[in-house]
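Working notes for the structure below.
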Number of protein chains: 2
Amino acid sequence: MSETARETAPRRSPTAGGYARGEETRARIIAAGLKVFGDEGYERASTRQIAREAGVMPPALQYYFDSKEGLHLACGQFIIDISTKGFTLTLEKAEAILAEGGVQDGLNALCDVLDALLDASLFARGSPDWERFAARIQSERDSPAGALIQARIAEPLRDICARLVAQATGSPLNDEARLRAMAIIGQVSAFHVYREGALQLLGWQDFNGPRRETIKAVLRAHTQAALAV
Amino acid sequence: MSETARETAPRRSPTAGGYARGEETRARIIAAGLKVFGDEGYERASTRQIAREAGVMPPALQYYFDSKEGLHLACGQFIIDISTKGFTLTLEKAEAILAEGGVQDGLNALCDVLDALLDASLFARGSPDWERFAARIQSERDSPAGALIQARIAEPLRDICARLVAQATGSPLNDEARLRAMAIIGQVSAFHVYREGALQLLGWQDFNGPRRETIKAVLRAHTQAALAV
DNA sequence: GAAGATATCTGTCAAACGATAAATATCTGC
DNA sequence: GCAGATATTTATCGTTTGACAGATATCTTC
């Protein structure tokens, strides 16, 4: 067997299959990515830092994810996967109501969508790292995962909310309906976009427990009042 | 005159005075900073890129601003200066009303504050570069200028709005008042935080002209309805 | 015009970055 | 146990970054 006939080692992990320990390493890198990207933001986070956090050497990131960008996208997909199961069901129900529901149905569906949005945004299954990353990619909309979230979730959500607002107010889908939808989404978004500021204003440490229901109740009341105008 | 007795050239510009062409160069660098930081964000923007945009050599940035961070802070201060004159007056009027006004006064003051916030956020005196930078630092809250804006403007604003909500609803300054204030600020914030998304949903190119008043009217109606609950 | 002050440019630095190739280690199935 | 597949590490690369020191150019005042 000559030197030149010898196959070189793979530069990238296999698309399917692979050893169990590779799966475990991959998950460990994603966890590290969620933490470091969440703490530092996309640009400031370095692949070396993430590798250190994961307990691997830097080229492992290229092996499993191709590039820094690929890892960021994988982290974004992870967040989408863990937070949108309930959310997707709610959106599907809303679409059905848009097809054949009335004013009150529209209002209820909108409130359900906003509840689900709050859950998806603030409570990324209980890990502070995940929550911080989720907040980051909402801010960094031109980062890889940020753009993914916009295309996959935020834009469809705006569209559905605008249609629900029109239905809930019995009015056409015009500029006013869309403006109102943006304003209503903004009420919910404030809590994750300005998370630290909101916690400070309220003197809270987190949004867990009964506070969650308190926030939802306030937002629901505001939404219903605003759309009764 | 020996070599060693010769004074070295200054590494930094003088605190006061300086030549007129120095003032002009300084302004040119700030303009370039607003553009590049606005386009790229703090971390991705490079001092070389900014220098190129300004038509100077990179060490000029250290000469006038000490560091990349110093330039970012100067840009933030620039935005604060051009956008908060009217805003500061409105906040002062609001403080007076908090001292001795009634429910309706509180509601009107709150609406005025929100109008002023929208003006400060969306219409940074008409330059797209300024607007983009202003949006950036709202997102990048841990960047130098982002932290400046939070400390100088966003936090005091939240506090005043919470107090105005309490006054406008004739209720104590409790968690609910603060939650409602966050929600109401969020309505306004949505338009600059999600600027591209809002413009897309609406099919608009910008928020200029009569659209500005349309947004304000919608937000005012929502705020009044929400606080009537 | 000269001296001192300010502004600008040239040249350079150390560190860090994302990424690649090659070598080595470990796993899996027969 | 062996061969092939997968995973991990070591060594290295070219480039970029923010910043500094020294040299030079320009401005201002007398």
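Residue numbers begin at 1 in each chain, while the letters A, B, ... track the order of the sequences.
The phosphate of D:dT17 (OP1 or OP2) has a side-chain N or O of B:Ser46 nearer than 4.0 angstrom. At the phosphate of D:dG18, neither OP1 nor OP2 sits under 4.0 Å from any side-chain N or O atom of B:Ser67. Side-chain nitrogen and oxygen atoms of B:Thr47 include at least one within less than 4.0 Å of the OP1 or OP2 phosphate oxygen of D:dG18.
Straight-line distance from the CD atom of A:Glu40 to the P atom of C:dA16: 14 Å, rounded to whole Å. Rounded to whole angstrom, the span from the CD1 atom of A:Ile50 across to the P atom of C:dG18 amounts to 8 Å.
Among the atoms of the strands shown, only primed sugar atoms or phosphate atoms (P, OP1, OP2) are found under 4.0 Å from some heavy atom of A:Ala45. Within the nucleic acid shown, A:Arg12 comes within 4.0 Å of sugar-phosphate atoms alone, with no base atom in reach, counting heavy atoms only.
Salt-bridge check for B:Arg132 with B:Asp39: passed, with a basic side-chain N closer than 4.0 Å to an acidic carboxylate O.
Between B:Asp115 and B:Leu219 there is no side-chain heavy-atom pair separated by less than 4.5 Å.
Identified under the salt bridge (Lys or Arg N to Asp or Glu O under 4.0 Å) test for residues 22-32 of chain B, with sequence neighbours left out: B:Glu24-B:Arg28. Listed by first and then second residue, the ring-ring contact (aromatic ring centres under 6.0 Å, His included) pairs that reach into residues 9-39 of chain A are A:Phe37-A:Tyr42, A:Phe37-A:His72, sequence neighbours excluded.
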Quick one: which protein N/O atoms are closer than 3.5 Å to N/O atoms of nucleotides 8-15 of chain D? Pair and distance per line, please.
from, atom 1, to, atom 2, distance (Å)
D:dT8, OP1, A:Thr25, OG1, 2.7
D:dT8, OP2, A:Tyr64, OH, 2.4
D:dT9, OP2, A:Met57, N, 3.3

N/O-N/O pairs, protein side and nucleotides 1-3 of chain D side, under 3.5 Å:
none

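Between the side chain of B:Arg178 and the main chain of A:Ala198, no donor-acceptor pair closer than 3.5 Å is present. With hydrogens and angles disregarded, a donor-acceptor distance shorter than 3.5 Å links the side chain of B:Arg141 to the backbone of A:Val193.
Annotation: cation-pi pair B:Arg158/A:Tyr194 present, NZ/CZ under 6.0 Å from the ring centroid and within 45° of its normal.
Considering only the side chain of B:Tyr19, D:dT28 comes nearest among D:dC20, D:dG4, D:dT28.
Shown here are the side-chain hydrogen bond (donor to acceptor under 3.5 Å, both in side chains) partners of A:Arg163, two or more places apart in sequence or in another chain: A:Glu95, A:Asp159. Not a single salt bridge (Lys or Arg N to Asp or Glu O under 4.0 Å) links B:Lys68 to another residue, sequence neighbours left out.
Closest-nucleotide positions on DNA chain C for A:Gln62 and A:Arg44 were compared, and the one nearer the 5' end corresponds to A:Arg44.
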